[in-house]
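A short worksheet on the structure shown next.
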Amino acid sequence: MSTATSTRAIFDIKDLNLWYGDHHALKNINFPINKKEVTAIIGPSGCGKSTFIKTLNLMINYVPNVKMTGEINYNGQNILNEKLDLVELRKNVGMVFQKGNPFPQSIYDNVAYGPRVHGTKRKPHLDEIVTKSLMDVALWDEVKDRLQAPALGLSGGQQQRLCIARALATKPDVLLMDEPTSALDPISTLKIEELILELKEKYTIVIVTHNMQQASRVSDKTAFFLMGELIELDDTSTIFSNPSDERTEGYITGRFG
Ligand SMILES: Nc1ncnc2c1ncn2[C@@H]1O[C@H](COP(=O)(O)OP(=O)(O)O)[C@@H](O)[C@H]1O
Ligand SMILES: [Mg+2]
């Protein structure tokens with residue numbers, strides 16, 4: 001397992017353990033995440049994928065009775081120890097969920113939400129951010145004539161791209177995606193995958209996916225989790241062609257999971 005920390009690591013997770021009450025959900029995770037790479041997280045249901053990704057911007061803090069030990073170093077700062085500004089952290093480490101969850105507001109207001117929270121008030125500046133964010137997710141041409149229309153009127157695939165635009169609007173450097181295409185049709189899924197490949201020029205992306213073809217299409221690194229443990233982390237091509245752990249091989253060849 002190649003977990004050597006390089007200077008390209010934006011996150012460096014060391015000996016991370018997490019408990020929900022008595023349930024030990026993450027066990028001694030050591031996981032560097034490189035800048036401007038796509039890291040895919042795979043593994044059977046309940047193995048801790050969502051739990052892990054939610055630790056990276058401390059969304060996990062919303063869950064009661066969670067205890068963590070170890071280190072989550074983000075740009076060299078252990079976010080578990082520092083008294084840090086969580087709003088600032090989540091501006092820099094944005095998150096997109098399984099089901100596109102636009103607010104029941106206009107398309108424009110959804111994208112402008114984050115920048116407004118962070119104090120951007122001037123209309124021309126907001127207009128510029130909204131336009132750029134919608135362009136970045138290849139949604140601009142589809143919605144530019146109806147920015148004031150309700151976001152909930154968009155198709156599922158458009159809603160998911162809108163949620164990505166909403167996350168991009170605060171200029172994050174990391175984008176976390178928890179099964180972002182599992183509720184989408186194949187064409188919308190393909191669009192999101194193409195988008196991920198474009199976005200990685202500028203952003204670090206961590207994506208949880210049930211779909212192994214998706215992991216192999218979009219990611220540079222793949223991490224295989226099993227029952228709260230990180231079994232193997234390596235180049236995606238290695239994980240899918242020549243994994244070093246037989247449990248990884250069992251999972252990717254469909255013997256379990
Ligand atoms: N809020 C919670 N409270 C208690 N246990 C939880 C909670 N969320 C997840 N778990 C448990 O932690 C384990 C990992 O869950 P999760 O991270 O959601 O897995 P995955 O995303 O891989 O399906 C599972 O056993 C799950 O039941
Ligand atoms: Mg999950």
Side-chain angles (χ1 to χ4, degrees), residues 1 3 11 13-31 33 38-72 74 79-80 86 89-90 93-101 156 159-160 163-164 167 174-184 188-189 192-193 196 205-219 221-234 236 239-240 243 245 247-257:
M1 178 152 91
T3 54
F11 271 105
I13 292 92
K14 291 194 168 138
D15 298 325
L16 178 66
N17 284 278
L18 182 146
W19 292 263
Y20 291 111
D22 292 338
H23 178 60
H24 197 179
L26 293 177
K27 300 172 185 163
N28 237 42
I29 307 290
N30 287 283
F31 195 154
I33 296 172
V38 179
T39 300
I41 299 178
I42 61 169
S45 267
C47 68
K49 304 181 297 295
S50 295
T51 300
F52 176 73
I53 205 171
K54 280 188 286 190
T55 65
L56 299 177
N57 64 353
L58 295 181
M59 289 290 272
I60 196 74
N61 289 2
Y62 287 114
V63 183
N65 298 320
V66 166
K67 186 186 157 213
M68 287 181 274
T69 62
E71 297 174 18
I72 301 176
Y74 168 61
I79 63 174
L80 292 183
L86 287 179
L89 176 67
R90 291 176 192 142
V93 185
M95 188 149 186
V96 174
F97 300 90
Q98 180 165 357
K99 195 89 172 55
N101 58 339
Q159 288 190 17
Q160 193 55 292
C163 291
I164 297 171
V174 181
L175 206 50
L176 310 174
M177 302 177 153
D178 193 350
E179 303 198 27
T181 65
S182 61
L184 300 182
S188 306
T189 296
I192 301 275
E193 290 184 8
I196 289 170
I205 296 174
V206 184
I207 177 174
V208 171
T209 178
H210 249 102
N211 178 330
M212 286 186 268
Q213 284 75 31
Q214 177 166 79
S216 65
R217 284 192 294 262
V218 303
S219 71
K221 295 283 193 308
T222 295
F224 172 58
F225 277 69
L226 188 62
M227 295 188 336
E229 282 182 73
L230 172 56
I231 303 296
E232 190 165 353
L233 164 65
D234 213 325
T236 295
I239 291 284
F240 287 103
D245 193 292
R247 291 167 292 182
T248 313
E249 180 161 15
Y251 183 70
I252 62 169
T253 57
R255 284 208 290 279
F256 68 92

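The shown structure was predicted, so the numbers you read here are calculated from the model rather than taken from an experiment. Order of appearance sets the numbers: ligands from 1, and atoms from 1 within every ligand.
For atom 14 (C) of ligand 1, the closest non-hydrogen atom of the protein is G46 O, 3.4 Å. What sits closest to atom 26 (C) of ligand 1 on the protein, heavy atoms only, is H23 NE2, 4.7 Å. Nearest protein neighbour of atom 18 (O) of ligand 1, counting heavy atoms only, is S50 CB, 3.8 Å. Of the protein's non-hydrogen atoms, the one nearest atom 1 (N) of ligand 1 is V63 CG1, 3.4 Å.
The backbone N or O of Q214 sits nowhere less than 3.5 Å from a side-chain atom of E193 that would complete a donor-acceptor pair. Under a 3.5 Å cut-off, the side chain of H24 and the backbone N or O of L26 do form a donor-acceptor pair. Looking only at distances, no side-chain donor or acceptor of N65 sits under 3.5 Å from a matching main-chain atom of G21. Between the side chain of R247 and the backbone N or O of I231 there is no donor-acceptor pair closer than 3.5 Å. Between the side chain of K27 and the main chain of M227, a donor-acceptor pair closer than 3.5 Å is present. Side-chain atoms of S188 never come within 3.5 Å of backbone atoms of L184 as a donor-acceptor pair (strictly under, hydrogens ignored).
Between the side chains of S219 and T236, at least one donor-acceptor pair of N or O atoms lies under 3.5 Å.
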- Message: Please determine whether side chain to side chain contact (heavy atoms under 4.5 Å, CB included) holds for the pair I29 and T55, giving the CA-CA distance in whole Å, both sets of side-chain angles, and the decisive distance to 0.1 Å.
- Response: CA-CA 12 Å; I29 307 290; T55 65; over 6 Å; no

- Message: What verdict does the side chain to side chain contact (heavy atoms under 4.5 Å, CB included) test give for I33 and V206, after you've listed the backbone C-alpha separation in whole Å, the side-chain angles of each residue and the deciding distance to 0.1 Å?
- Response: CA-CA 8 Å; I33 296 172; V206 184; 4.1 Å; yes

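In the candidate list W19, F52, Y20, Y20 is nearest to atom 5 (N) of ligand 1, counting heavy atoms.
Between C47 and ligand 1, at least one pair of N/O atoms sits closer than 3.5 Å. Between T51 and ligand 1, at least one pair of N/O atoms sits closer than 3.5 Å. The distance criterion of under 3.5 Å between nitrogen or oxygen atoms is not met by A25 with respect to ligand 1.
Taking the side chain as every heavy atom from C-beta outward, Y20 and V63 approach each other to under 4.5 Å.
Distance remark: protein heavy atom present below 4.0 angstrom from atom 10 (N) of ligand 1.
Atom-to-atom distance recorded for N28:CG and K14:NZ is 13.0 Å, nearest 0.5 angstrom.
Counting only protein atoms, the N, O or S atoms lying less than 2.8 Å from the Mg ion (ligand 2) are S50 OG, ordered by chain and residue number.
Below 4.0 Å from some heavy atom of S45 lie the following atoms of ligand 1, by number and element: 23 (O).
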